[in-house]
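Worksheet for the structure shown next.
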Amino acid sequence: HEAGALRTELSAVCARAEEAAQQLGEACSELDTARREAAEAAQQLGSVHTELSAAHARSAEAAQQLDAMRAELADARAQGAEAAAQLGGAHAELAAAQHDAAEAREA
């Protein structure tokens, strides 16, 4: 009887050990899958970081170009105002000359 009971207990222990080994194998498989997914995610994150850095550099360059354009526009406006003032002065001189010419003809 005792030998039979030991065999039964040993058989149960072996069955539990096999089940534990199977669960350990499944856990290892899941861990490998998780590691692969983590490595893929890290690679994608690296790609996103690279793209973000490039976009940031392009944005900074565009901001610099925009500042340069604003400066050129301000300069052009100043030149336009100066040209308008000169045109106004020339127009006044022309009117005065026409007036003088009309007076000279009458005289």
Side-chain angles (χ1 to χ4, degrees):
H1 283 305
E2 205 172 302
L6 284 175
R7 275 193 214 109
T8 303
E9 191 177 332
L10 183 58
S11 183
V13 168
C14 286
R16 286 197 302 273
E18 279 184 34
E19 187 179 336
Q22 187 178 356
Q23 289 175 352
L24 182 60
E26 290 172 3
C28 286
S29 178
E30 290 176 11
L31 182 59
D32 287 343
T33 300
R35 282 182 179 152
R36 278 195 304 274
E37 290 173 354
E40 188 178 327
Q43 191 174 14
Q44 290 174 352
L45 184 59
S47 296
V48 168
H49 186 265
T50 300
E51 291 175 17
L52 187 59
S53 294
H56 188 271
R58 288 192 302 269
S59 175
E61 185 178 334
Q64 211 171 17
Q65 291 174 349
L66 184 59
D67 286 345
M69 288 177 172
R70 284 182 177 143
E72 289 177 18
L73 180 60
D75 188 43
R77 282 182 176 153
Q79 290 177 4
E82 185 179 333
Q86 290 176 355
L87 183 61
H91 185 70
E93 289 178 21
L94 178 61
Q98 287 174 340
H99 179 71
D100 290 348
E103 284 183 353
R105 271 191 239 112
E106 290 175 9

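Just the heavy atoms: all of them, side chains too, but no hydrogens, waters or symmetry mates, feed the values below.
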Return the set of residues passing side-chain hydrogen bond (donor to acceptor under 3.5 Å, both in side chains) with [X] (not counting sequence neighbours), or none when no residue passes.
X     : answer
Gln43 : none
Arg35 : none
Thr33 : Arg36
His49 : none

Pairs meeting criterion side-chain hydrogen bond (donor to acceptor under 3.5 Å, both in side chains) with involvement of residues 98-107, two or more places apart: His99-Glu103

Residues in side chain to side chain contact (heavy atoms under 4.5 Å, CB included) contact with Arg7, at least two apart in sequence or another chain: Ala3

Side-chain donor-acceptor distances from residues 70-87 under 3.5 Å, at least two apart:
from: Asp75; atom 1: OD2; to: Gln79; atom 2: NE2; distance (Å): 3.3

Distance, nearest 0.5 Å, that separates [atom1] of [X] from [atom2] of [Y]:
X     : Y     : atom1 : atom2 : result
Gln44 : Glu37 : CD    : CD    : 10.5 Å
Leu66 : Ser59 : CG    : OG    : 10.5 Å
Glu51 : Arg58 : CD    : CZ    : 8.5 Å

Donor-acceptor under 3.5 Å (Thr8 side chain, Gly4 main chain): yes

